[in-house]
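Notes for the one structure printed next.
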Amino acid sequence: MEKIKRFLSRLKKIIFSPKIFDILQIEVTSRCNVSCKMCPSAVLKDWKNGDMDEETFFLLLPAIELTKYVHLQGWGEPLLHPKLDKMIEVIKKKDVRCGFTTNGQLLTEKRVNRFIDLGVDIIAISLAGAEKKVHESIRSGTDFERIIKNISYLVDEKRRRRLKKPEVVISFIMTPENISQLSDIVEMGSMLGVDRVVANNVDFVPCAEIDRFRVFGLENEAYKEYIDKAKEVARIKGVDLRVYPIVPEERAICEADPMRNAYISYDGCVSPCVYLGVPIDEIPVFRDGKVVRIIPRKCFGNVKEEPFLCIWEKKEYMGFRDIFKKMKNLFIAMDLVSMAKKENSKPLQIKDLPLPSECEDCYKIFGI
């Protein structure tokens with residue numbers, strides 16, 4: 001009877017949840033303590049470094065209360081922010097899930113225990129290789145052994161306390177230099193006892209220096225074989241593995257899903273996603289070996305000047321989201337037409353509903 005009561009209580013929370021946002025990604029800082037080869041901060045001019053001040057963060061609380069999950073990381077290293085612990089504490093008091101992605105350098109035993117005490121839900125640690133030489137050649141300024149030690153302590157302490165969270169994730173960005181080690185990363189994840197391994201693409205490509213780290217969209221059978229091998233190792237070892245596609249496939253809604261999610265930069269700027277909220281005024285669009293155009297940073301408003309919910313309801317922002325809503329409906333209609341197999345029906349095409357101009361060249365709409 002008690003189990004039934006608990007189940008009904010959880011069901012009630014789900015059905016009557018007042019949450020209107022799935023994810024708010026809050027960039028607590030655009031600063032970083034390491035230099036990664038595929039990071040745009042090292043190659044783009046006029047990169048702006050800064051931390052979100054407490055006043056700006058507290059202005060976001062009304063929106064946070066309406067959100068299922070808050071990710072405290074953008075283009076920088078969140079553990080550099082001196083008030084990160086306080087931000088997490090405030091979010092958890094609002095009964096909202098939260099987490100962050102870190103390069104792992106500053107994930108000391110003291111901080112691990114503090115994050116566990118605060119009830120952090122997800123801690124993702126970035127690795128660029130399964131061995132010191134490869135990892136440190138890509139993520140310059142990091143100490144591979146220290147990061148592995150920090151991950152191990154986090155997993156062990158979580159087990160010692162017999163807790164289900166934080167979910168510990170290894171985040172691996174696939175590049176031509178390291179994709180051959182993907183199966184080794186899965187093996188390492190199994191050995192360390194992490195909850196999940198995620199293999200991402202270098203999906204923000206603003207220049208030639210970063211384009212050379214791309215593995216998606218290339219006719220390379222070896223890459224596919226490395227991924228298949230990693231999936232097989234994950235199956236055998238029982239590791240939860242997610243690998244982002246390297247073959248583009250057009251989708252109605254990108255994973256950023258601007259209809260349900262939003263990105264807030266360290267300076268309070270509200271953007272649809274992290275890719276349109278890069279801390280520079282002009283974002284280069286790189287295709288076919290050259291910069292084909294420049295788009296301005298997309299900021300629908302600043303929470304320092306007006307409430308987030310007012311920004312969310314702006315006509316321009318609603319119009320931006322409405323394009324994706326129509327795209328989603330078009331995909332549904334295409335599926336229905338396909339199932340009906342009516343010979344005389346006019347085929348619907350994606351080009352009938354173009355993306356917002358800022359998103360036309362973004363790889364995320366292809367599931368990358």
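For the single chain, residues carry numbers from 1 onward in sequence order. Below, all heavy atoms of this structure are taken into account, side chains as well, without hydrogens, waters or symmetry copies.
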Validation row: Phe115, Asp85 side chains within 4.5 angstrom (heavy atoms): yes
Is any side-chain heavy atom of Ile138 closer than 4.5 Å to one of Met38?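 Yes. Closest side-chain heavy atoms under 4.5 Å.
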Taking [X] first and then [Y], would you say they form a salt bridge - that is, a charged N and a carboxylate O separated by under 4.0 Å?
X: Lys37; Y: Glu177; answer: yes
X: Glu316; Y: Lys298; answer: yes
X: Lys110; Y: Glu157; answer: no
X: Asp211; Y: Arg214; answer: yes
X: Asp281; Y: Lys48; answer: yes
X: Glu187; Y: Lys237; answer: yes
X: Glu65; Y: Lys19; answer: no

Donor-acceptor pair, side chain of Asn201 and main chain of Pro245, under 3.5 angstrom: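 Yes, Asn201 side chain to Pro245 backbone: donor-acceptor pair under 3.5 Å.
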Centroid-centroid distance, Tyr266 to Trp75, less than 6.0 Å: no
Test: Arg321 cationic atom under 6.0 Å from Trp312 six-membered ring centre, within 45° of axis: yes
Is a side-chain donor-acceptor pair under 3.5 Å present for Ser126 with Asn103? no
Rounded distance (nearest 0.5 Å) linking atom CD of Gln73 with atom OG of Ser30: 11.5 Å
Which residue is it: Tyr275, Tyr244, Phe216? I am looking for the one with a ring-ring contact (aromatic ring centres under 6.0 Å, His included) to Tyr363.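 Exactly one option meets the ring-ring contact (aromatic ring centres under 6.0 Å, His included) with Tyr363, and it is Phe216.
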